[in-house]
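Both counts, for ligands and for their atoms, begin at 1 and track the order of listing. Along the sequence shown, residues are numbered consecutively beginning with 1.
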Amino acid sequence: MLLVVAAFIVAFVLLLYMISPLISPKPLKLNGAHVVVTGGSSGIGKSIAMECYRQGAFITLVARDEEKLLRAKKDVEKFAINDKQVVLCVSVDVSSDYTQVENVIKQAQEKLGPVDMLVNCAGTALAGKFEEMEVERFKELMELNYLGSVYPSRAVITTMKERRMGRIVFVSSQAGQIGLFGYTAYSPSKFALRGLAEALQMEMKPYNIYVTLAFPPDTDTPLLAEENKSKPLETKLISETSGVWQPDQVAKILVKDAVQGNFSSSVGPDGYMLSALTCGMSPVTSITEGLQQIVTMGLFRTIALFYLGSFDSIVRRCMIQREQSKAADKNE
Ligand SMILES: NC(=O)C1=CN([C@@H]2O[C@H](COP(=O)(O)OP(=O)(O)OC[C@H]3O[C@@H](n4cnc5c(N)ncnc54)[C@H](OP(=O)(O)O)[C@@H]3O)[C@@H](O)[C@H]2O)C=CC1
Ligand SMILES: CCCCCCCCCCCCCCCC(=O)[C@@H](N)CO
């Protein structure tokens, strides 16, 4: 008898342990909320600002170029749903000096109230072969993509903790889930965000602050156009696997996930598989998500082996082609 009771207690405690991380957070109300978007003057960031504005938020756009900021402000304002809404522009480099970042966030909070949601979207990409990439670039990408997300987050977190509410979004990339040919400098700067997001989420959960880590695929923005000018053929062919998406599609999904407090945010079927496969020890935010990961992991790993095989064969084919054209050039 005693044994049965003990077994029940143990089973109950185990169940509690399994269920407790699965309790979904309460959604954030965007109507009237203050959303800060770094990198909000272009591409994905601008679409995120538009999407939040469309849902009634007050927006602070953060980027360096003031003219671009003003143009983006006009574009965002088209999506107003009431006449109280405001778009504020702040020009600052998010990656160079923490005190500067802290000051502009303070100013934004004085004007539009405490930050309810911070979206760290300022970032850049560079593709190229490891040995051809200037060593300085490794540092630059780490500074902008990683430290440029640490600084704004650090500047908003104290107030969020005091208010016991908030959302912090990090915009990583599918190239932050898998290391790809041509992204030896870029991928690590996006992988770093995952470590930050996981550690920060564990610290912030008791304060009702939820972290979202977004993994967009190739998205049709000025950055992608710029990157494509010098992208190795291998990188282009491999990235094509998950297609090119529109910034407003990516923004809609990201904002929905952030509002719900989901830890991971992915786009498209490849994005979904990649996130389930690489979930590791990252937090779960719903029972369905946890169950899906458990059930699909083996299957997705099997599919992944085929993908990896095809990526290897792309790399091999490109190498052979290059050598052949080099040999042909010599013979001429
Ligand atoms: N496009 C894509 O295919 C994908 C993009 N991503 C990621 O999404 C994010 C946005 O990309 P995307 O919209 O394409 O890029 P864009 O180049 O279109 O926009 C980048 C934004 O960041 C701002 N920014 C750049 N550097 C700084 C800085 N030092 N300080 C403050 N703001 C800065 C830019 O303004 P300004 O230059 O005036 O400062 C601009 O507003 C990046 O982090 C990127 O890595 C992820 C996956 C795919
Ligand atoms: C079950 C396993 C499924 C595996 C699917 C694998 C798909 C890999 C595609 C990688 C695409 C990388 C896009 C990078 C975008 C980016 O960050 C830059 N464009 C920034 O400008």
For ligand 1, does Val94 get within less than 4.0 Å through its side chain, its backbone, both, or neither, judged by non-hydrogen atoms?
both
I'd like to know if the side chain of Ser325 and the backbone of Arg322 have a donor-acceptor N/O pair within less than 3.5 Å.
yes
Going by heavy-atom distance to atom 38 (O) of ligand 1, choose the closest among Val119, Leu61, Asp65.
Asp65
Under 3.5 Å: N/O of Asn145 near N/O of ligand 1:
no
Considering only non-hydrogen protein atoms, determine which one is nearest to atom 23 (C) of ligand 1 and report residue, atom name and distance to 0.1 Å.
Gly39 CA, 3.6 Å
Path from Phe263 to Val284 over hydrophobic side-chain contacts below 4.5 Å
no
Report, in ascending order of atom number, the atoms of ligand 2 lying under 4.0 Å from any heavy atom of Met273.
1 (C)
Of Thr124, Val250, Leu223, Leu224, the residue with the heavy atom nearest atom 17 (O) of ligand 1 is Leu223
Please determine, by modelled atom types, if Gln174 and Ser242 share a side-chain donor-acceptor pair under 3.5 angstrom.
yes
Sub-3.5 Å N/O-N/O distance, Asp218 and ligand 2:
yes
With hydrophobic residues grouped by side-chain heavy-atom distances under 4.5 Å, do Met204 and Val119 end up in a single group?
no
Quick check: Ser239 and ligand 2, any N/O pair under 3.5 Å apart?
no
Identity and separation of the nearest protein heavy atom to atom 41 (O) of ligand 1
Ser41 OG, 2.7 Å
Using a 4.0 Å heavy-atom threshold (strictly under), name the region of Ala125 that reaches ligand 1: side chain, backbone, both or neither.
neither
Considering Gly45, Pro217, Ala72, Ser189 one by one, which has a heavy atom nearer to atom 48 (C) of ligand 1 than any of the others?
Pro217
If you group Ile, Leu, Val, Met, Phe, Trp and Tyr by side-chain heavy-atom gaps below 4.5 Å, do Val171 and Val259 land in one group?
yes
Considering only non-hydrogen protein atoms, determine which one is nearest to atom 45 (O) of ligand 1 and report residue, atom name and distance to 0.1 Å.
Tyr186 OH, 2.8 Å
Whether the side chain of His34 engages the backbone of Phe58 through a donor-acceptor N/O pair (distance < 3.5 Å, no angle test) should be reported.
no
Could you tell me, atom by atom, which parts of ligand 2 come under 4.0 Å of a heavy atom of Leu274?
4 (C)
Check ligand 2 against Ala125 and write out every atom of the ligand that is under 4.0 Å from a heavy-atom position of the residue.
20 (C), 21 (O)
Need the ligand 2 atom indices (1-based, order shown) with element for anything under 4.0 Å from a heavy-atom of Leu223.
21 (O)
Would Arg163 and Asp116 pass as an ion pair if we require N to O under 4.0 Å?
yes
Can a donor-acceptor pair be found between the side chains of Asp270 and Tyr307 at a distance below 3.5 Å?
yes
Give me the residue, atom name and distance of the protein heavy atom closest to atom 21 (O) of ligand 2.
Glu227 OE1, 2.5 Å
Hey, is the main chain of Gln85 close enough, under 3.5 Å, to the side chain of Asn82 for a donor-acceptor pair?
yes
Counting only heavy atoms, tell me which of Thr38, Val62, Val92 gets closest to atom 31 (C) of ligand 1.
Val92
Examine the side chains of Asp248 and Gln246 and answer whether a donor and an acceptor come within less than 3.5 Å of each other.
no
So does Glu323 pair up with Lys326, basic N to acidic O under 4.0 Å?
no
Can you sort out which atoms of ligand 2 are near Leu224, meaning under 4.0 Å from one of its heavy atoms?
19 (N)
Heavy atom of the protein closest to atom 11 (C) of ligand 2 (residue, atom name, distance)
Gln174 OE1, 3.5 Å
How about Phe138 and Phe130: are their ring centroids closer than 6.0 Å?
yes
Taking the six-membered ring where the residue is Trp, are the ring centres of Phe79 and Tyr53 under 6.0 Å apart?
no
Is it the case that the side chain of Glu66 and the backbone of Ser91 share a donor-acceptor pair, with hydrogens and angles ignored and the cut-off at 3.5 Å?
no
Quick one: which of Pro152, Gly123, Cys121 has a heavy atom closest to atom 9 (C) of ligand 1?
Cys121
Within the 4.0 Å heavy-atom shell around Gly43, which atoms of ligand 1 are there?
13 (O), 18 (O)
Compute the shortest N/O to N/O distance between Ser173 and ligand 2 and return yes if it is under 3.5 Å, no if not.
yes
Provide the number and element of each atom of ligand 2 under 4.0 Å from a heavy atom of Tyr183.
18 (C), 19 (N)
Return the residue, atom name and 0.1 Å-rounded distance of the protein heavy atom closest to atom 8 (C) of ligand 2.
Phe311 CZ, 4.1 Å
Numbering the atoms of ligand 2 from 1, which are under 4.0 Å from a heavy atom of Ser242?
9 (C), 11 (C)
Can we say Glu77 and Lys73 salt-bridge, meaning some charged N sits less than 4.0 Å from an Asp/Glu carboxylate O?
yes
Closest to atom 32 (N) of ligand 1 (heavy atoms only, candidates Ala63, Ser42, Ala49) is Ala63
Sub-3.5 Å N/O-N/O distance, Tyr186 and ligand 2
yes
Joint cluster assignment, Met133 & Leu223, ILVMFWY side-chain distance < 4.5 Å:
no
For ligand 1, which atoms, with element, lie under 4.0 Å from some heavy atom of Lys68?
35 (O), 36 (P), 37 (O), 38 (O)
Heavy-atom contacts with Phe300 under 4.0 Å: which atoms of ligand 2 show up? List them by number with element.
1 (C)
Between Val267, Leu69, Ile44, flag the one that comes closest to atom 5 (C) of ligand 1 by a heavy atom.
Ile44
Lys190, portion touching ligand 1 at heavy-atom distance under 4.0 Å:
side chain
Looking at Lys190, is its backbone amide N or carbonyl O close enough to the side chain of Ser172 to form a donor-acceptor pair, meaning the two atoms are under 3.5 Å apart?
yes
Contact region, Leu180 to ligand 2, non-hydrogen atoms below 4.0 Å, reads side chain
Classify the contact between Arg64 and ligand 1 as side chain, backbone, both or neither, using a heavy-atom distance cut-off of under 4.0 Å.
both
Return the residue, atom name and 0.1 Å-rounded distance of the protein heavy atom closest to atom 2 (C) of ligand 1.
Thr219 N, 3.5 Å
